[in-house]
Amino acid sequence: MGSSDFSWKLNDHPKLPKGKVIAVVVLDGWGEADADQYNCIHVAQTPTMDSLKNGAPEKWRLVKAHGKAVGLPTEDDMGNSEVGHNALGAGRIYAQGAKLVDIALETGKIYDGEGFKYIKESFETGTLHLIGLLSDGGVHSRLDQLQLLLKGASERGAKRIRVHVLTDGRDVLDGSSVGFVETLENDLAKLRENGIDALIASGGGRMYVTMDRYENDWDVVKRGWDAQVLGEAPYKFKSAVEAVKKLRELPNTNDQFLSPFVIIDDNGKAVGPIVDGDAVVTFNFRADRMVMVAKALQYKDFDKFDRVRFPEIRYAGMLQYDGELKLPTNYLVSPPEIERTSGEYLAKNGIRTFACSETVKFGHVTFFWNGNRSGYFNPELEEYVEIPSDSGISFNVKPKMKALEIAEKARDAILSRKFDQIRVNLPNGDMVGHTGDIEATVVACKVADEAVKMILDAIEQVGGIYVVTADHGNAEDMVKRDKKGKPLLDKNGRIQILTSHTLQPVPLAIGGPGLAPGVRFREDVPGGGLANVAATVINLHGFEAPSDYETTLIEVAD
């Protein structure tokens with residue numbers, strides 16, 4: 001599309017009227033799964049969402065919220081709130097995660113970015129440390145990306161490099177770690193032949209060292225910190241291959257749970273503790289198991305464990321792992337550059353928008369929705385309201401969170417008739433789901449449903465339209481399962497709780513007194529995903545969507 005023929009003006013929809021008040025409700029972490037006792041949405045009393053699902057079949061459907069539908073590389077990649085809201089707002093699918101890293105490495109763009117320039121300032125006098133999962137599993141990291149980064153950094157002035165490896169055995173076969181370490185050792189030997197001091201400095205298994213998530217067990221991060229930063233571990237070896245082989249022989253040990261080790265020189269000193277003036281890169285691209293170590297490396301104020309010393313380093317993630325916390329501050333690969341989002345189009349076409357959530361998801365319904373862009377498109381037409389989240393407690397302690405307050409703000413905005421679109425995120429299913437507390441998650445789902453009702457009642461009063469959807473799954477399945485879908489038990493016979501997102505599709509419902517007669521979901525877009533929602537909403541505002549948007553999911557029957 002040449003700039004000359006580009007216009008922000010949207011064409012009128014031939015069959016749909018303008019001027020209806022539209023509520024767009026995103027239930028965070030609310031997928032669709034089989035009904036059983038681990039499906040908190042099913043267990044909870046959710047009469048409003050039930051009535052949408054069991055109402056007119058042509059006004060309720062499922063959409064994809066994971067994998068390629070949201071720009072992630074494979075169908076095994078669960079969705080998340082950032083990529084989900086990107087897709088909902090952008091109306092197109094942008095490369096995310098591993099795919100972004102691949103492009104940045106292939107084009108060399110990674111080396112021109114602010115993040116690489118930042119760590120490069122340590123190359124002259126300091127060491128470059130690379131911490132991450134060593135495998136080709138492609139879920140959290142990939143060996144070939146590490147290899148390219150080693151090559152690129154060494155060609156751009158890194159003279160001393162230390163790699164801190166985390167063995168996998170979860171996304172790849174157990175025992176494969178030995179081969180991955182041998183491959184890395186060969187690469188580092190070649191760098192040493194070229195005069196670069198490159199060694200493996202420490203290691204450990206991913207489930208026992210560094211890669212904990214959701215603040216489940218800070219001891220996991222501490223074990224990594226002790227080895228990587230302090231150069232201390234219960235096991236010391238001269239070679240990493242020997243370390244992995246020997247430690248795998250210990251009872252009840254596998255790649256995932258390998259004990260932490262450090263590599264020592266002939267004098268018994270650790271070869272690569274992280275010290276003042278060094279640069280550190282966590283090279284995993286997937287966020288969930290990097291957030292905790294990122295906090296330990298980034299935050300001056302930190303009380304999760306005794307760090308003993310907090311070196312002054314230049315730290316960057318492969319990507320930014322948490323958009324809300326802006327963590328880490330520096331990262332090698334920027335999020336996708338998303339232009340011409342639905343929010344910008346609607347603002348340019350006079351649509352007045354109100355967006356609201358509480359702190360933990362406020363950025364999603366504004367920044368991520370608007371294509372990773374801060375602020376208003378037109379402050380005269382938009383109002384964004386952030387309700388402070390509870391802080392200092394785990395969300396299962398107060399599972400209602402701020403759902404009802406968000407719904408009240410939305411209701412008031414709808415009834416004020418000052419806005420054409422009222423957009424909210426209700427975080428409960430996701431934030432409480434992540435705690436793994438099933439009873440609390442049931443409460444969370446019930447309250448989210450009550451919040452939806454409050455918003456839908458207001459839409460009823462003003463003759464408006466509602467669009468209710470979600471960004472990814474979580475609360476609908478709270479147990480780990482085997483290949484046949486049966487719940488997995490731990491060695492004590494207790495179920496293994498699933499705290500993560502899922503691969504499930506999410507609901508999409510439309511309705512309200514303002515919905516024109518004959519509007520229904522099309523039958524010819526069975527594979528529709530979150531990115532199709534934008535064109536759908538633009539249509540409901542009375543406009544045709546831009547031609548390059550993912551197609552609308554609605555049609556108007558004659």
Side-chain angles (χ1 to χ4, degrees), residues 24-35 39 41-42 49 52-53 57-100 138-139 285-288 335-336 338 341-342 361 364-365 368-369 371 423 425-426 429-430 433 467-477 481 485 498 500-510 520-540 545 548-555:
V24 180
V25 180
V26 181
L27 290 151
D28 217 289
W30 191 288
E32 179 74 15
D34 293 340
N39 179 337
I41 297 168
H42 162 69
M49 291 302 290
L52 299 183
K53 181 177 172 179
E58 72 280 6
K59 304 217 172 104
W60 187 93
R61 64 163 291 167
L62 294 172
V63 288
K64 289 183 181 167
H66 77 286
K68 294 180 178 174
V70 288
L72 296 168
T74 76
E75 293 309 305
D76 294 326
D77 291 310
M78 53 185 90
N80 64 56
S81 302
E82 291 80 35
V83 302
H85 285 78
N86 275 174
L88 284 165
R92 287 144 296 154
I93 299 167
Y94 282 80
Q96 303 272 9
K99 222 160 148 187
L100 272 178
V139 176
F285 46 71
R286 178 156 149 190
D288 57 356
I338 300 176
T341 59
S342 58
K361 298 293 177 179
H364 292 87
V365 83
F368 292 105
W369 191 280
R423 183 171 72 235
N425 177 301
L426 301 169
D430 191 49
V467 178
V468 180
T469 190
D471 57 347
H472 56 75
N474 184 336
E476 79 288 355
D477 196 10
R481 299 176 184 274
L498 180 73
S500 71
H501 299 166
T502 69
L503 302 171
Q504 298 299 127
V506 299
L508 175 64
I510 54 172
R520 63 186 182 197
F521 282 128
R522 295 162 55 178
E523 308 242 315
D524 58 349
V525 199
L530 294 180
N532 297 85
V533 172
T536 307
V537 171
I538 289 173
N539 288 171
L540 294 172
D548 63 337
Y549 269 36
E550 294 291 319
T551 184
T552 181
L553 296 172
I554 55 173
E555 61 187 6

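As the structure is a prediction and not an experimental result, all values here were calculated from the model.
The closest side-chain heavy-atom distance from E32 to V506 is not below 4.5 Å. Looking only at side-chain heavy atoms (C-beta outward), V467 and L540 come within less than 4.5 Å of each other. The side-chain heavy atoms of L426 and W30, taken from C-beta on, include no pair separated by under 4.5 Å.
A pairwise comparison of heavy atoms in W60 and A509 identifies CD1-CB, 3.8 Å as the closest pair. When every heavy atom of R92 is checked against every heavy atom of D548, the shortest pair comes out as CG-O, 3.4 Å. The nearest pair of heavy atoms linking G429 to A475 is O-CB, 3.7 Å. Here the shortest heavy-atom pairing between A90 and A534 reads C-CB, 4.5 Å.
With hydrogens and angles ignored, the 3.5 Å screen pairs no side-chain donor or acceptor of T536 with any backbone N or O of T552. T469 places a side-chain N or O within 3.5 Å of a backbone atom of P507 that can act as its donor or acceptor partner. Under the 3.5 Å distance criterion, the side-chain polar atoms of R61 are left unmatched by any main-chain donor or acceptor of E523. Checked by atom type and distance alone, the side chain of E476 pairs as donor or acceptor with a backbone atom of G31 at under 3.5 Å. H472 places no side-chain N or O within 3.5 Å of a backbone atom of G79 that could act as its donor or acceptor partner. With hydrogens and angles ignored, the 3.5 Å screen pairs no side-chain donor or acceptor of Y94 with any backbone N or O of G371. Here the side chain of R423 pairs a donor or acceptor atom with the backbone of V365 at under 3.5 angstrom.
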(request) Decide side chain to side chain donor-acceptor pair (under 3.5 Å) for N425 and H85; before the verdict, give the C-alpha distance in whole Å, the side-chain angles of both, and the deciding distance to 0.1 Å. (result) CA-CA 10 Å; N425 177 301; H85 285 78; 3.1 Å; yes
(request) Begin with the C-alpha distance, continue with both residues' side-chain angles, and end with the deciding distance and a verdict on side-chain contact (heavy atoms from CB on, under 4.5 Å) for N86 and I338. (result) CA-CA 8 Å; N86 275 174; I338 300 176; 3.7 Å; yes
(request) I would like to know whether I510 and F521 meet side-chain contact (heavy atoms from CB on, under 4.5 Å); could you show each step before the answer? (result) CA-CA 9 Å; I510 54 172; F521 282 128; 3.9 Å; yes
(request) Evaluate the side-chain contact (heavy atoms from CB on, under 4.5 Å) criterion for residues V70 and Q96: first the C-alpha distance (whole Å), next the side-chain angles of each, then the deciding distance (0.1 Å), finally the verdict. (result) CA-CA 8 Å; V70 288; Q96 303 272 9; 6.0 Å; no
(request) Determine, step by step, whether W369 and L88 satisfy the side-chain contact (heavy atoms from CB on, under 4.5 Å) criterion, reporting the C-alpha distance in whole Å, the side-chain angles of both residues, the deciding distance to 0.1 Å, and the verdict. (result) CA-CA 7 Å; W369 191 280; L88 284 165; 3.6 Å; yes
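Side-chain atoms of T551 and R522 include a donor-acceptor pair closer than 3.5 Å. Defined by atom type and a distance below 3.5 Å, a donor-acceptor pair is missing between the side-chain atoms of H364 and D28. Between the side chains of D477 and Q504, not a single donor N or O lies within less than 3.5 Å of an accepting N or O. Looking at D471 and S81, their side chains do bring a donor and an acceptor atom within 3.5 Å of each other.
The line from OG1 of T74 to NE2 of H66 is 8.0 Å long, rounded to the nearest 0.5 Å.
Checked against V468 for a side-chain contact (heavy atoms from CB on, under 4.5 Å), the options V25, V24, L508 give a single hit: V25. The residue from N474, D430, N80 that alone fulfils the side-chain hydrogen bond (donor to acceptor under 3.5 Å, both in side chains) condition with H501 is D430. With respect to L72, the side-chain contact (heavy atoms from CB on, under 4.5 Å) criterion is satisfied by exactly one of I93, L100, V83: V83. With L553 as reference, V525 is the one residue of D524, V525, V537, N539 to meet the side-chain contact (heavy atoms from CB on, under 4.5 Å) rule.
Using a 4.0 Å cut-off between charged nitrogen and carboxylate oxygen, R520 and E555 count as a salt-bridge pair.
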